[in-house]
**Q** 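Dropping a structure here in structure tokens format, bear with me for questions.
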Amino acid sequence: LNNPKLKVIGFNDLLFKNQNVKKQLSEIKDENLLLNSQKSFIKQLKSLKNKRGSLNIDDEGTKTQCTTIIENGILKSYLQDKINANLMNAKLTGNARRESYKHIPIPRMTNTYILPGKSTHKEIINNVENGIYISSFSKCQIKINSGNFIFFTNEAYNIKHGKITYPIKSIKLIGNGPDILKKIIMIGNNLKITSEILTCIKNNQKIPICVGQPTILINQMMIYKNKK
């Protein structure tokens, strides 16, 4: 996978917002959960130059910060606002955001990305005997009470014997968030921060965000292809 637009947004919204955990809607509840040792790193940055998710203070007046969500495969933190941090006896992270003064602040993402690994893009592709390379997503559907998701692709290719071959049309990725995180086996060194104009929608509130990720290799996932 080599497109940050939806994958990072989807998993962040599904798994790491404390509001979902408090309501028992997130599948990740154990802070010591081992996702994939030495391989998974997800961070939130308060400020990236000219990026839409950057801010100095959140909408409750809390100073923003760089928050490590996953480190060495271990869940380290949720995204907190004042109400939920107090209920969970946790530290504030400066992630209370709202669309406007008419809305209530809730825990939201800012600039979220997966840190680069050590493998090159070519090494990851060469490591795949039979698989699919996805370079562009269109949309996703997520059920936060189960962790299940469906990602729809714009652009995908077949990989055979370590080579990208022919394009594939109408691919859907079907899986479970925590389960897929455990199946990441390689992370590329080609981190890309998207320059697209992205907006995250939750509770009918729209906020500007930014995401990024390098190429990642997942060793198993359900793929659905339309017959048309």
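Note: hydrogens, waters and symmetry copies are ignored here, and every other heavy atom, side chains too, is used.
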**Q** Do the side-chain N and O atoms of T120 and N190 include a donor-acceptor pair separated by under 3.5 angstrom?
**A** no
**Q** If I compare all heavy atoms of E123 with all of K118, which pair ends up nearest, and what's the gap?
**A** OE1-O, 4.3 Å
**Q** Identify which one of K202, Q205, R108, E60 satisfies the side-chain contact (heavy atoms from CB on, under 4.5 Å) criterion when paired with R97.
**A** R108
**Q** Could you check whether any side-chain N or O of T165 sits under 3.5 Å from a backbone N or O of K160, counting only pairs where one atom can act as donor and the other as acceptor?
**A** no
**Q** Looking only at heavy atoms, what is the nearest atom pair of K51 and S195, with distance?
**A** NZ-CA, 4.1 Å
**Q** Is a donor on one side and an acceptor on the other found under 3.5 Å between the side chain of T93 and the backbone of Q80?
**A** yes
**Q** At their closest point, which heavy atom of Y157 faces which heavy atom of P167, and how far apart are they?
**A** CD2-CA, 3.6 Å
**Q** Could you tell me which non-hydrogen atom of A156 sits nearest to which non-hydrogen atom of I132, and how far apart they are?
**A** CB-CG2, 4.2 Å
**Q** Could you grab the distance from atom CD1 of I209 to atom SG of C200, nearest 0.5 Å is fine?
**A** 5.0 Å
**Q** When rounded to the nearest 0.5 angstrom, what is the spacing between OG in S119 and CD1 in I216?
**A** 12.0 Å
**Q** Which residues pass the side chain to side chain contact (heavy atoms under 4.5 Å, CB included) test with I104, sequence neighbours left out?
**A** none
**Q** Is L92 reachable from L75 through a run of hydrophobic residues whose side-chain heavy atoms are each under 4.5 Å from the next?
**A** no
**Q** Side-chain contact test, heavy atoms from C-beta onward, threshold under 4.5 Å: evaluate it for K82 versus T62 and give yes or no.
**A** yes
**Q** Is the backbone N or O of A96 less than 3.5 Å from a side-chain atom of D58, with the two atoms forming a donor-acceptor pair by type?
**A** yes
**Q** Regarding K172 and the six-membered ring of Y224, is the cationic atom NZ or CZ under 6.0 Å from the ring centre and inside 45° of its axis?
**A** no
**Q** For P178 and G147, which heavy atoms make the closest approach, and how far apart are they?
**A** CD-O, 4.5 Å
**Q** Quick one: do Y166 and I134 end up in the same hydrophobic cluster if we chain Ile, Leu, Val, Met, Phe, Trp and Tyr together by side-chain heavy atoms under 4.5 Å apart?
**A** yes
**Q** Side chains of T194 and Q213, heavy atoms from C-beta outward: is any pair under 4.5 Å?
**A** no
**Q** Could you check whether any side-chain heavy atom of N95 comes within less than 4.5 Å of a side-chain heavy atom of D81, counting everything from C-beta outward?
**A** no
**Q** Does the pair I185 and I218 meet the rule for a side chain to side chain contact (heavy atoms under 4.5 Å, CB included), with working shown?
**A** CA-CA 6 Å; I185 59 174; I218 297 172; over 6 Å; no
**Q** Checking the side chain of N111 only, and the main-chain atoms of G53 only, is there a donor and an acceptor separated by less than 3.5 Å?
**A** yes
**Q** Apply side-chain hydrogen bond (donor to acceptor under 3.5 Å, both in side chains) to T199 and R52, showing your working.
**A** CA-CA 9 Å; T199 300; R52 282 169 57 82; 3.1 Å; yes
**Q** Do the side chain of N154 and the main chain of F137 share a donor and acceptor less than 3.5 angstrom apart?
**A** yes
**Q** Test side chain to side chain contact (heavy atoms under 4.5 Å, CB included) on I150 and L173; report intermediate values, then the result.
**A** CA-CA 5 Å; I150 301 176; L173 308 183; over 6 Å; no
**Q** Verify, without hydrogens or angle tests, whether N176 (side chain) and S146 (backbone) share a donor-acceptor contact under 3.5 angstrom.
**A** yes
**Q** Are any non-hydrogen side-chain atoms of I171 and F151 less than 4.5 angstrom apart?
**A** no
**Q** Using every non-hydrogen atom in the two residues, find where S77 and T68 come nearest and quote the distance to one decimal.
**A** CB-O, 3.6 Å
**Q** Drop me the distance from K169's NZ to T153's OG1, to the nearest 0.5 angstrom.
**A** 11.0 Å
**Q** Starting at CG of L191, measure out to OH of Y113 and round the result to the nearest 0.5 Å.
**A** 7.0 Å
**Q** Are M221 and K183 close enough that some pair of their side-chain heavy atoms sits under 4.5 Å apart?
**A** no
**Q** Do T64 and N56 pass the side-chain hydrogen bond (donor to acceptor under 3.5 Å, both in side chains) test, and can you show the C-alpha distance, the side-chain angles, and the key distance before you say yes or no?
**A** CA-CA 6 Å; T64 55; N56 293 319; 5.3 Å; no
**Q** Looking at S100 and K102, would you say the former's side chain and the latter's main chain have a donor-acceptor pair under 3.5 Å?
**A** yes
**Q** State the OG1-CD1 distance between T215 and I124, to the nearest 0.5 angstrom.
**A** 5.5 Å
**Q** Between the main-chain N or O of K143 and the side-chain N or O of N148, is there a donor-acceptor pair closer than 3.5 Å?
**A** no
**Q** Taking it one step at a time, do Q65 and T67 satisfy side-chain hydrogen bond (donor to acceptor under 3.5 Å, both in side chains)?
**A** CA-CA 6 Å; Q65 65 179 39; T67 302; 3.1 Å; yes
**Q** Taking the side chain as everything from C-beta on, heavy atoms only, tell me whether Y133 gets closer than 4.5 Å to E155.
**A** no
**Q** Given the rule that I, L, V, M, F, W and Y join up when any side-chain heavy atoms are under 4.5 Å apart, are I70 and M88 in one cluster?
**A** yes
**Q** First locate atom OG of S138, then atom CZ of F152, and finally report the distance between them rounded to the nearest 0.5 Å.
**A** 7.0 Å
